[in-house]
Number of protein chains: 2
Amino acid sequence: MASITKPSDLDALPVTPADIARAAETIKPYAVRTPLLSSPALDALTGARIFLKAEPLQRTGSFKFRGAFNKISSIPPEARPAGVVAFSSGNHAQGVAAAAQLFGMPAVIVMPSDSPVTKRERTKGYGAEVVLYDRDREDREAIARDICSQRGATLVPPFDDPKVIAGQGTIGREVAADLTALGVVPDVVAVPASGGGLMAGVAIGIRTAFADCRMITVEPEGFDDHAHSFASGHRQHGVAKGRTICDALMAPNPGELTFSINRQLVAAGTVASDREVGEAMAFAFRELKLVVEPGGAVGLAALLAGRLDAKGKTAVIVLSGGNVDAELFAKLIVASA
Amino acid sequence: MASITKPSDLDALPVTPADIARAAETIKPYAVRTPLLSSPALDALTGARIFLKAEPLQRTGSFKFRGAFNKISSIPPEARPAGVVAFSSGNHAQGVAAAAQLFGMPAVIVMPSDSPVTKRERTKGYGAEVVLYDRDREDREAIARDICSQRGATLVPPFDDPKVIAGQGTIGREVAADLTALGVVPDVVAVPASGGGLMAGVAIGIRTAFADCRMITVEPEGFDDHAHSFASGHRQHGVAKGRTICDALMAPNPGELTFSINRQLVAAGTVASDREVGEAMAFAFRELKLVVEPGGAVGLAALLAGRLDAKGKTAVIVLSGGNVDAELFAKLIVASA
C-alpha cells in the first residue's frame, strides 16, 4: 500500500493535482472555504496536535457539494436542459440538488426509503425531485440509469468519477494550504470512507504538499470494506454486514476508480463502532460546538477511542458532514451528558 | 448616540485601538482565531450578506476567554500566587478558570446556584473552586470582594475593566481583518449585550477599520437595559424583569466604563424573545451546524425575526458562545424540527 512517495508521481494518477487546482477555481464562488479548526480541549485530551476540517459548515452541510458542483459545471450547455440524476443516501443528494439549482438544471435524486428525514426534506428544498427505493430489495443504480435514459439526463456519480474526486480533493488542497501557512507538517490525516471518493481527493491534495503524510480511512464497524481491501490489496465486496448509524457510509465496496487511487496513497484503514460514533458526536457538541452527523464523526470517534496512533503527533481529522435528524442528535447528546 | 465618527477619535476612549492590538498579541498563542463564517442558506433566507463570528469555537466555548486571559496576563508576578476571583453566570467563569490555569494560578468563581450545570462542571474542570450564591437574595460582588480581601486575590471583573474590554475587542479586530481581506465593508454589526464589555470592545475594533458601520446591541426581551439606556442617553437601572433562557445576558444594567464607550459608538439596541432565541438555536443546528447557547444566539434571533434591518445589506452577527446543557439544546431543536 501507499506505493506513491514522490509528489511528481501524483501526475500519473487518473486525477492529478492540476485537476484539483482547476476544481478549486471552479467551486470558489459558490463553495464555503471551510475553516481548519483546533481545540485546546481536544489537544489536551489526546496528547496530540489535532486539526479538524469542518465540512459540516460547507454549503448543504457536507463536503458533497464540492464534487457535485465540479462535475455539473463540466456538463456541456446543450445537455443542461435535460438535467441531472443521482443516487444517494442523502449528502450527495443535497450536493447535487443544490449545484443543479445554481445552474438552473432539473435534478432527480434516487434515495433509500430509510434515509434521514432531514436529508430527504433538504434535498426537496433545493428543488430536486426525490424518488425513493428499498435499500434491501432494489438496485439504486439501475433505477437512476433508467431515469437517465428516459430523460437524456446526465448521471452525477457519488464517487467513481474524476470530476467528483477532483472536487472533493479541494478539501485536501485547502487543508494543505492552511497547514503550510501555519508552518505545520501533518503526520496523519484521517478521512471517512464509503465509496472512497473523499479519501482519494483528499489524499492527492494532501500528498501534493506533504509527501510523507500517512493517510487513513475510517469506516463504521461492519462496513470496513476499505480496510479489508487495503489489507488484501484488492477491492473486497460483500464485507458489509448488519446496520450502522452512519447512514452516509454504507457503500458496499470501494469504487473502482477511487480504489485505483487509494491503493497507491492510503496507508491503512480503521473503524469506529456505533457507540464510539455517538460519543464522538456528543463530544463535538460539548467541546467543539459543532454539529457532526454519524458518518461525519467516524474519524473523531476513532481518535477518541484510541484507534488512531496520534499521541505526540500532528493529525488532521476530516469531519465530513453535519446533516443529522434533530431527534437522533438529541438522543445521543443527552445519553452522553 | 454614536457621536464618534472619525477613527482618530477612538484614541481618546478609555480603551484604544492600540490596546486591542496589544491584547491581540497577548492572547494569540492561547486563543483560537475563530472563523468568520458565511451561509448561503442564511443569505438566501434574509436577502442579506451575513457573516457570523463563531465564538462558540473559542477556547472554553465562548468569547470570555479573550478578556479574562488579557486581564490575568497583566497581573504582576508577585500577585499571582494569591490567585484570582470572579463572579459569573458561567462563561466568564470558564474563561477566568481556564486562563488562570494556564498561568498556574488558583481561581475562585462565584456562580449563581441556577447557572447551567454544564457551565458549573466545566468551570470546575479547569481547576477552579466554585462558590454558589442565590441570584435573588445574595450580592455576588460583595461575596467576591470578601474572598479577594481574605486571600489577597485579584478580582477579574466580567466587563467593566479596560483589559477585559480590550481582550473582547480582539473579536472586532479579527472581523475587520477578515472583511478587509475579502474586500467587504459591513453596514451593520449586531452584538449580544449583558454588561456591554463585548459590545464596547467589538465596536472599537470594528470602527477602527469601518468608521461608518452601524453597531447594534441585542438583548433578551425584558432585559434590554442597553436599549433603554441608549434611548435615554443615560445608564438605566432596574429594567430587568421576569426570566429569560439567556442565562449569559442577565446583567441588571450597562457597566459604567462600558457604557461610557458604547454611548459614543453604538447606534441603538434591539431585543429577541425566548421563542425567537430557541428558533435561532434550532436554525443554527439545522443550517449552520453550530451549537449556539441562548445568550449567544440573540443576534441571529433578531436577524431571523426581522428585528434587524439587514435586507440588501452586509451584516455581521457575533455568535458569542455555545455552552448550553444537552437537555435544553435537545428540547429546543426537537421542538423546532
Side-chain angles (χ1 to χ4, degrees), chain A residues 29-44 52 54-62 65 94 98 101-102 117-118 121-122 125-126 178 182 281-282 284-293 296 319 321-337, chain B residues 29-44 52 54-62 65 94 98 101-102 117-118 121-122 125-126 178 182 281-282 284-293 296 319 321-337:
Chain A
Y30 300 97
V32 175
R33 194 189 189 291
T34 57
L36 188 65
L37 303 173
S38 58
S39 158
L42 183 57
D43 288 357
L52 302 153
E55 285 295 293
L57 306 178
Q58 185 53 264
R59 191 169 194 137
T60 72
S62 91
F65 176 77
Q94 291 173 68
Q101 190 176 49
L102 287 168
V117 175
T118 182
E121 291 306 313
R122 290 169 62 93
Y126 294 114
D178 289 354
L182 292 170
M281 289 169 65
F285 163 77
R286 278 195 315 271
E287 300 291 341
L288 310 176
K289 313 301 177 188
L290 280 179
V291 177
V292 189
E293 66 179 277
L319 304 173
N323 292 316
V324 52
D325 283 350
E327 288 73 13
L328 175 61
F329 192 80
K331 192 181 85 172
L332 292 172
I333 63 173
V334 170
S336 179
Chain B
Y30 300 98
V32 175
R33 195 189 189 294
T34 57
L36 188 66
L37 304 173
S38 57
S39 158
L42 183 58
D43 288 356
L52 303 153
E55 284 294 293
L57 306 178
Q58 184 53 263
R59 190 168 196 140
T60 73
S62 92
F65 177 78
Q94 291 173 69
Q101 189 177 51
L102 288 167
V117 175
T118 182
E121 292 305 313
R122 289 169 63 93
Y126 293 115
D178 289 355
L182 292 169
M281 290 170 65
F285 163 77
R286 281 195 313 270
E287 298 292 340
L288 310 177
K289 313 301 178 187
L290 279 180
V291 177
V292 189
E293 66 178 278
L319 305 174
N323 292 315
V324 52
D325 283 350
E327 288 73 13
L328 175 61
F329 192 79
K331 192 181 83 171
L332 292 172
I333 62 173
V334 169
S336 179

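In what follows, chains are A, B, ... by sequence order, proteins preceding strands, each numbered from 1.
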(message) If you count heavy-atom pairs within less than 4.5 Å of chain A, which of R122(B), Q58(B), R286(B), K331(B) leads?
(response) R122(B)
(message) Return the CZ to OG distance between R33(B) and S38(A), rounded to the nearest 0.5 Å.
(response) 12.0 Å
(request) With a 4.5 Å cut-off on heavy-atom pairs, point out which of V32(A), L57(A), L36(A) contacts chain B the most. (result) L57(A)
(message) To check you understand the geometry: which heavy-atom pair defines the closest contact between L37(A) and A54(A), and what is its length?
(response) CD1-CB, 3.8 Å
(message) Once you measure the plane-to-plane angle for F329(B) and F285(B), does it fall in the parallel (<30°), tilted (30-60°) or perpendicular (>60°) bin?
(response) perpendicular
(request) Return the minimal non-hydrogen interatomic distance between P56(B) and L319(B), and the atom names on each side. (result) CD-O, 3.2 Å
(message) Counting heavy-atom pairs closer than 4.5 Å to chain A, which one of V291(B), V117(B), T34(B) comes out on top?
(response) V291(B)
(message) Counting heavy-atom pairs under 4.5 Å with chain B, which one of L288(A), V324(A), N323(A), D325(A) comes out on top?
(response) N323(A)
(request) Count the heavy-atom pairs under 4.5 Å between each of E121(A), K289(A), E293(A) and chain B, then report the option with the highest count. (result) K289(A)
(request) Drop me the distance from I333(B)'s CD1 to E327(A)'s CD, to the nearest 0.5 angstrom. (result) 8.0 Å
